[in-house]
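Notes to accompany the following structure.
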Amino acid sequence: MRAVKAVLGLVVILAAAAGGLWLTERLLAAPEPAQMAQGSGAPLRVETIAPETVTFADAVTAVGTARARQAVDLLPDSSGRITRIAFRPGDRVEAGEVLVELDDRAEQADLKAAEATLAEAQAAFARQESLNQSGSSSDAAYQTARAALLRAEAERDRALVALEDRSLRAPFAGVIGLTDLVEGQLIDTATPIATLDDLSVIEVDFSVPEILLPRLQRGQRVELTSAAWPGRAFQGEISRIDSRVDAATRSLALRAEIPNDDRALAGGMFLQVRLVLAERQRPAIPENALNVEGDRVLVMVADGGTARQVDIVTGQQQDGLIEVVSGLDPSARIIVTNLHRLSDGIPVEAVAQERRVEAAPAPPTEGDG
């Protein structure tokens, strides 16, 4: 009985081995998916897109500091007691607008005295001038009266200046900052009143490597971003290029101007700067359409119902697209689906893709400089 069971077990093992060998041979003999599609004669359905025309730029990145186009610390021209503060912090003021007034009673009195003296000197000069013209007065008396008139006019002008100095006016239009002063407070010419900034245009100072000097010129476009405004890019242009290279850092200082009508930017802000050195328009294709083999970059194109492999030369990457420098016909249809099942020469049924799926943007990199 045991011998019979052993024989039966051996038969089962041999049958299983034979079946496994048959299955292995069948799998090895099975054609690849591409061979199946080619051998069956049914073209493989693929989606295609046309190359996009995209603007690419040669750019360098840097960090910059914002500053108002005009900025001053306001100081009074004379000492005295504040009688009126005519602004509120954060107000926009116009050029010449009165900001602070000091007690000016003494200056008003001095002006009246100077005007009275001037009136007497004018009357005396008029008499001497009349007598001199009639020959009844000497030239010496005439010159003395004229000198007295000039001194009186100078004293009147001095009194006017002293009176004007009792009022602090805005030297230009801008936004006024905070102040700790109160009416009735005594101040002198060293007492800070407030700050005044012209924020209509913001200037940003930054530096780039000296090697870029031949490619720099006024008017070049800059793009700026700030952590205070995520997702927003500010546009400006180069307004100044320094005349010297910093000997310690071998860098060149630049200044850009950015319109700031909405006052989104303020002086002292830290900004990321992207200086565009040159721009060009080139065809671009999605990154996922590329196949890299060693030093070759390949794409599959649909050519008259057949998949063709094309060598291309690529450039920059931007928002999921790759710049095509050469090797691609602008009218080519780029295959973007079923790429793992394709090989050169396979019949395909090409249909246009309705929309391109955006790839995730690459993380920012440092500039060329």
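The side chain to side chain donor-acceptor pair (under 3.5 Å) contacts involving residues 217-234 comprise Arg221-Glu223, Arg221-Glu279, Glu223-Arg274, Arg232-Asp262, where partners must be two or more places apart or lie in separate chains. Screening residues 157-203 for ring pair (Phe, Tyr, Trp, His ring centres under 6.0 Å), with sequence neighbours left out, gives no hits. Within the structure, ring pair (Phe, Tyr, Trp, His ring centres under 6.0 Å) pairs that include any residue of residues 291-320 do not occur (at least two apart or interchain). Pairs of residues two or more places apart, or lying in two chains, that qualify as ring pair (Phe, Tyr, Trp, His ring centres under 6.0 Å) and include a residue from residues 108-129 are Phe125-Tyr142.
When side chains are defined from C-beta on, Arg215 counts as touching Asp58, because their heavy atoms get closer than 4.5 Å. With contacts defined as side-chain heavy-atom distances shorter than 4.5 Å, the pair Pro286/Ile49 qualifies. Taking 4.5 Å as the limit, some side-chain heavy atom of Thr191 sits within range of a side-chain heavy atom of Leu181. Side-chain contact between Asp319 and Val54 is absent, with no heavy atoms from C-beta onward closer than 4.5 Å. Between Ile285 and Leu328, some side-chain heavy-atom pair lies under the 4.5 Å cut-off. With a 4.5 Å cut-off on side-chain heavy atoms, Ile202 and Phe234 do not count as touching. Side-chain atoms of Leu298 and Val310, non-hydrogen and from C-beta on, never get closer than 4.5 Å to each other. Two residues are said to be in side-chain contact when any heavy atoms from C-beta on lie closer than 4.5 Å; Leu252 and Leu216 meet this criterion.
A 6.0 Å sphere centred on CZ of Arg280 holds more than 12 heavy atoms belonging to other residues, nucleotides or ligands.
Clustering of Ile, Leu, Val, Met, Phe, Trp and Tyr side chains at separations under 4.5 Å places Val325 together with Val313. Hydrophobic cluster membership of Leu160, counting Ile, Leu, Val, Met, Phe, Trp and Tyr whose side-chain heavy atoms lie under 4.5 Å apart directly or via other members: Leu111, Leu163. Hydrophobic side-chain contacts under 4.5 Å tie Leu178 to no other Ile, Leu, Val, Met, Phe, Trp or Tyr residue.
Minimum heavy-atom separation, Ala145 to Ala124: CB-O, 4.2 Å. Here the closest non-hydrogen pair linking Phe87 and Ala194 is CZ-CB, 4.2 Å. The two residues Pro283 and Pro51 come nearest to each other via the heavy atoms CB-CB, 4.0 Å. Closest approach of Phe56 and Ile322 over heavy atoms only: CZ-C, 4.3 Å. Across Gly90 and Arg263, no two heavy atoms sit closer than the pair O-NH2, 3.9 Å. Looking at every heavy atom in both residues, Leu271 comes nearest to Ala66 through CD1-CB, 4.0 Å.
The closest donor-acceptor contact from the side chain of Arg333 to the backbone of Thr48 lies under 3.5 Å. Distance alone, capped at 3.5 Å, is enough to place a donor-acceptor pair between the Thr337 side chain and the Glu47 backbone. A distance-only check finds no donor-acceptor pair linking the side chain of Thr117 to the backbone of Ala152 [under 3.5 Å]. Listed for the Asn291 side chain is no donor-acceptor partner under 3.5 Å among the backbone atoms of Glu293. Judged by distance alone, with hydrogens and angles left aside, the side-chain atoms of Asp197 form no donor-acceptor pair with the main-chain N or O of Leu199 at under 3.5 Å. Side-chain atoms of Asp157 do not come within 3.5 Å of backbone N or O of Val161 as any donor-acceptor pair. Judged purely by atom type and a 3.5 angstrom limit, Gln316 uses its side chain to pair as donor or acceptor with the backbone of Ala57. Ser167 places no side-chain N or O within 3.5 Å of a backbone atom of Glu164 that could act as its donor or acceptor partner.
Val60 is connected to Ile241 through a chain of hydrophobic side-chain contacts under 4.5 Å among Ile, Leu, Val, Met, Phe, Trp and Tyr, so both are in one cluster. Both Val336 and Val297 are part of a single hydrophobic cluster, where members link through side-chain heavy atoms under 4.5 Å apart. Under a hydrophobic-cluster definition in which Ile, Leu, Val, Met, Phe, Trp and Tyr are linked whenever side-chain heavy atoms come within less than 4.5 Å, directly or via other members, Leu277 and Phe206 are assigned to the same cluster. Linking Ile, Leu, Val, Met, Phe, Trp and Tyr residues whenever their side-chain heavy atoms come within less than 4.5 Å places Val222 and Leu213 in a single cluster. Hydrophobic clustering of Ile, Leu, Val, Met, Phe, Trp and Tyr side chains at less than 4.5 Å, counting indirect connections, keeps Val175 apart from Val201.
With sequence neighbours excluded, the residues forming a side-chain hydrogen bond (donor to acceptor under 3.5 Å, both in side chains) with Ser200 are Arg69, Asp198, listed by chain and number. With sequence neighbours left out, the salt bridge (Lys or Arg N to Asp or Glu O under 4.0 Å) criterion links Glu349 to Arg45. Partners of Ser331 under the side-chain hydrogen bond (donor to acceptor under 3.5 Å, both in side chains) rule, at least two apart in sequence or in another chain, are Asp329. When the side-chain hydrogen bond (donor to acceptor under 3.5 Å, both in side chains) test is applied to Asp205, the partners found at least two apart in sequence or on another chain are Arg255.
Put simply, CD on Glu129 and CZ on Arg146 are 10.0 Å apart, with the number rounded to the nearest 0.5 Å. With values rounded to the nearest 0.5 angstrom, Glu237 atom CD is found 11.5 Å from Leu275 atom CG. Within the model, atoms CG of Leu118 and CD of Glu155 stand 10.5 Å from one another, a figure rounded to the nearest 0.5 Å. Atom CD of residue Glu257 and atom CD1 of residue Ile238 lie 10.0 Å apart, to the nearest 0.5 angstrom. We find the CD1-OG1 distance between Ile346 and Thr306 to be 10.0 Å, quoted to the nearest 0.5 Å. Taking OG of Ser343 as the reference point, atom CD of Gln309 lies at 9.0 Å (rounded to 0.5 Å).
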Using residues 71-86 as the side-chain source, report each donor-acceptor pair under 3.5 Å to any protein atom, sequence neighbours left out, with the distance given to one decimal.
from: Ser78; atom 1: OG; to: Asp165; atom 2: O; distance (Å): 3.1
from: Ser78; atom 1: OG; to: Arg166; atom 2: NH1; distance (Å): 3.1
from: Arg81; atom 1: NH1; to: Gly184; atom 2: O; distance (Å): 2.9
from: Thr83; atom 1: OG1; to: Glu101; atom 2: O; distance (Å): 3.1
from: Arg84; atom 1: NE; to: Glu101; atom 2: OE1; distance (Å): 3.3
from: Arg84; atom 1: NH2; to: Glu101; atom 2: OE2; distance (Å): 3.2

Candidate pair Ile176 and Ile193, rule side-chain contact (heavy atoms from CB on, under 4.5 Å), full reasoning: CA-CA 10 Å; Ile176 199 161; Ile193 302 297; 5.9 Å; no

